[in-house]
Amino acid sequence: MRIMELLCSLALSIQFLLLLASSLFTNCLTMNHSTATHHHECHQHESNALLSFKKTFIISKSASYNPLSYPKTLSWVPATDCCSWDGIECNELTGHVIGIDLGSSQLYGSMDANSTLFSLVHLQSLDLSDNDFNHSQIPAKIGELSQLRHLNLSHGNENTFSGEVPPQVSQLSNLLSLDLHSYPLEPLPYDLINNLQLKASTLTSLTQNSTRLEHLRLSFVTISSSLPHTLTNLTSLQILTLCQCELYGKFPIGIFHLPNLTVLNLGGNQNLRGMLPNFFSSSFVNINLGGTSFYDTLPTSIENLTSLNCFSISSCSFYGAIPSSLGNLTQLALLDLSNNGLEGEIPHSLFRLENLEYLYLPYNFFEGHLALDMFLKLTRLNDLDLSLNKLSLLSQNRAVNVTILPPIQWLGLSRCNLNGEIPTWLMNLTTLNHLDLHDNNLQGEIPYFLFKLENLTVLDLSGNVLEGQIELEMLSKLKKLTVLGLGGGNKLSFLEGNNTSIVTFPSQIQFLDLRSCNLVHFPNFIQHLQELTDLYLSNNSIKTIPSWLWNKTTLQSLDISNNLLMGEIPPSICNLQSLVVLDLSSNNLVGMIPSCLGSFSRSLHILRLAGNKLIGNIPQNYAKENALQLIDFSSNKLYGQLPRSFINCRMLELLDVSHNHFNDSFPSWLGSLPNLKVIFLRDNKFHGAIKCPLRCTFPQLRIIDLSQNEFSGELSSEIIKNFKSMTLSNTSHQVQFKDDVYQLQHSWVDLSLFVFPMHNKGVVMEYVGRQYFHYMVAIDLSCNKISGEIPDIMGSLNRLVLLNLSNNMFTGSIPSSFGKLSNLEVLDLSANSLSGEIPQQLTELTFLDFFNVSFNNLSGPIPENRQFSTFQDNSFEGNKGLCGFQLLKKCEDHPKLPLQEPDGDQDSESGSFFELYWMVILIGYGGGLVAGLALGNAFVGDVFRLLKRIF
Ligand SMILES: *[C@@H]1O[C@H](CO)[C@@H](O)[C@H](O)[C@H]1NC(C)=O
Ligand SMILES: *[C@@H]1O[C@H](CO)[C@@H](O)[C@H](O)[C@H]1NC(C)=O
Ligand SMILES: *[C@@H]1O[C@H](CO)[C@@H](O)[C@H](O)[C@H]1NC(C)=O
Ligand SMILES: *[C@@H]1O[C@H](CO)[C@@H](O)[C@H](O)[C@H]1NC(C)=O
Ligand SMILES: *[C@@H]1O[C@H](CO)[C@@H](O)[C@H](O)[C@H]1NC(C)=O
């Protein structure tokens, strides 16, 4: 489990995660339903009441989710003793009906607010779970059943009661268990809406009144508030499940100290913050905090949770090392620490947890070397996922005795530095259904035995250096395959063959990655993949898209970037209303962008059309409440103004329209977008002053690139003051890190940058990659006509890593406040008209790697200490009055060059550097898409895993 809606989908991912976790948790729990039936002649009026209750429903098989359901009320017939009826329990002495168990009874119909059921005032137990009440409300009269101890109105899928839970439930002061939960499975939780709402005030009175509660299950009931502290008074509480209740605020830590609490499930409450306490003793069996905003380190005292069976903190904001005391929890069967900020080595004590069945550690910063044979003690291991850390796994040259490897089903070893050929011991893992080896350095051909692992549902080999030919026919044994990843980095050729009609390819494929597979045609077999949701075909040589593709309305991701697509984008693309990701960038597409593309899909997060030959205006209409997070129209021939309806893109994090012909003033109005982090307007005809007419806040802005435009006038201090997110407050590094991790959880763009630092592309890449731990923070205003002095206040943007003001008309001196830009690594002020001396304070910039003040009117001595001794002469040339050891000769010999035109060719040195730099950043978020892809993979895999477990 891990995240990202598909990509984006952070949210989605969390849901997947959550779902998976939920299912595992359900597995962990053993629920006992005992229905004792006693025989005693029943009271006539109760018998009548039950019969009229029965009459208000019909029997419908589809009303119950449980496959073992059956119509219990069939045995309810007049003139028989109701105490003998199926599901009825009577008091042996009084004959009164005290228990009704109609769970999974295939009842369908609306619940009558005045139902005769509520005349059964002796009821102590009422179970109506897993029937279909046709979205009726829970009657307020439920509060009249004052003897109730057990009330179960839950549903295994979507709750069929809806509306508000009546406040009258809080009158049930004898309640021992209250179960209103559901686990919606379909449709996959994209726009999940809980059917039931529970007012915070009702929950509070409930906890005040029903103080003997032992079981409280409210998962998927919208509570939408913080949790009342009165919960900590429920000292008998054993089970508390509050998955996906839209809880927020601080979790009352006292709940962890409830003496008998065994199950705590808070999954999916993204805004619920909290920390783990110091545990002394506790009866916890299951703890699920997945997808919440719990944070901090894992306490060593976790070792006191000796009964702990399942522990999931996936997609939270935990950081620090795993305490080795975790290895003392010998009962652990499930340990899911995925997608946090955990680091350090994986303690060896974990490898002694012999009961471990599920071990998920992906998406952290674990490091060190592991050998597969370290896992051999974990003989029950079902699932092992070490993906996407900084681990190195030795697999090839150690003799792994595969006969004692457990019957593993899930093996996630992506980005584990695997080298050499695909290991042959995989051959023997015939139970394997999830094999994820993406992003390693595996070489050679794909061995044929992989295509014989018939249980595989997920096979992801993308991002390696595999070679050879793959023929569609080879896949014909993998009938269960739903995820196939062959692309990205490999040198494979995918061949369809001629007789595709007779090949029984895995038709259930939902996720298909054939990036860089030497395709020259759009593969025809894709037409027959009825369930396809994600299609990645980038980096091939495809020229045309068949029109049937526009009928594949199940598609959520469509990436055909870096191909040879020609012609116009057909408006029928807007049929794909489920799209989350659309990437057609780097092709030869011409014509206008279809105007429907702004608003055709409510779910669209990523829209990339960069690097084509598109002309005209960009779509003007962006629907309110759209989900767009990334819009990239860069490198086309688009013109006109930026559509003001961008203001409807409240989720927007990155806007890139660089390298076009846009002609507009500074879009200060974008400043009200609450999530906007990155703006690229480079190389257009934006003009006028960079200023905010009224107030603009840019609350999250981290990168702004306005270079190569026609901006003029003075740079106002006012706008710089607004860039609050470029200023690091006085909080400690740890708090910052926590915030960053927290933000990652909530932002697609940043997550991708963060989890996928650029790799193996040389020093510059690494250098930039490192930045993503703190986020790139950058201002590039180069190559404009901005005049006046550089505002002093720029020195307060102390998160800045890159500042480029070169090729403008700045006058005055270099602000000495720049000495406070303690994170600055790149400072380019070249080709301006700056005068005065280079402030000595700049020597405080200990991270400064690149510095250029050439071609100004600076004078005086070049500071000599620290970084400054490393900068070469070309950092300083073209300043008549400067002297320093770098310049000794050039001061005398070098003729003064004329100032360059702002939009002329850049100085080759700085120009190439910055092109490279920005290019790297672009690759960075491009890499994010790859990341998303990989993540998407994982998630699709999870869903299947999940479904498999549930059924
Ligand atoms: C329930 O009964 C009360 C009084 O008998 C009546 O006023 C009310 O309208 C009834 N409600 C419904 C939904 O039948
Ligand atoms: C608590 O329970 C009593 C008795 O059932 C009831 O009268 C009272 O209204 C309940 N209090 C709340 C706040 O619901
Ligand atoms: C817990 O219960 C005690 C007594 O029953 C009461 O005094 C206290 O206020 C309650 N605490 C909370 C947080 O409600
Ligand atoms: C906790 O559970 C134990 C054992 O079942 C029981 O004796 C005790 O009363 C419970 N404590 C509370 C506060 O309910
Ligand atoms: C475990 O609980 C005991 C008390 O039961 C406590 O003394 C000890 O400090 C706890 N362990 C840790 C590591 O905190």
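Numbers here simply count residues along the sequence, with the first being 1. What you see is a predicted model, and the numbers here were worked out from it, not measured in a lab. Counting convention: from 1, in listed order, for ligands and their atoms alike.
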| Interfacing atoms of ligand 5 (cut-off 4.0 Å, heavy-atom, E303) | 11 (N), 13 (C)
| field | Aromatic plane relationship, H96 with H122 - under 30° parallel, 30 to 60° tilted, over 60° perpendicular | value | parallel
| task | Could you tell me whether the SG atom of C83 lies less than 2.5 angstrom from the SG atom of C90? | result | yes
| request: Using distance alone, with no hydrogens and no angle criterion, decide if N265 and T241 have a side-chain donor and acceptor under 3.5 Å apart. | output: no
| query | Which residue and non-hydrogen atom of the protein lie closest to atom 13 (C) of ligand 4, and at what distance in Å? | reply | T235 O, 3.4 Å
| message | For atom 5 (O) of ligand 5, what is the closest protein heavy atom, and at what distance to 0.1 Å? | response | F280 O, 3.8 Å
| task | Classify the ring geometry between H257 and F280 as parallel (under 30°), tilted (30 to 60°) or perpendicular (over 60°). | result | parallel
| request: Return the option from L261, N260, T262 holding the heavy atom at the smallest distance from atom 1 (C) of ligand 4. | output: N260
| field | Shortest protein contact, atom 11 (N) of ligand 5 (heavy atom only) | value | N304 ND2, 3.0 Å
| request: Establish whether atom 3 (C) of ligand 4 and some protein heavy atom are separated by less than 4.0 angstrom. | output: yes
| said: Check the orientation of F294 and F318. Use parallel for under 30°, tilted for 30 to 60°, and perpendicular for over 60°. | reply: parallel
| query | Checking R273 against Y295: charged group under 6.0 Å from the ring centre and within 45 degrees of the axis? | reply | yes
| task | Scan the protein's non-hydrogen atoms and note whether one is under 4.0 Å from atom 7 (O) of ligand 5. | result | no
| message | Can you tell me which portion of S301 lies within the under-4.0 Å heavy-atom range of ligand 5? Options are side chain, backbone, both, or neither. | response | both
| request: Do me a favour and list the nearest non-hydrogen protein atom to atom 14 (O) of ligand 4 with residue, atom name and distance? | output: S236 OG, 3.3 Å
| said: Quick one about T160 and H155 (side-chain donor to acceptor, distance below 3.5 Å, no hydrogens or angles considered), yes or no? | reply: no
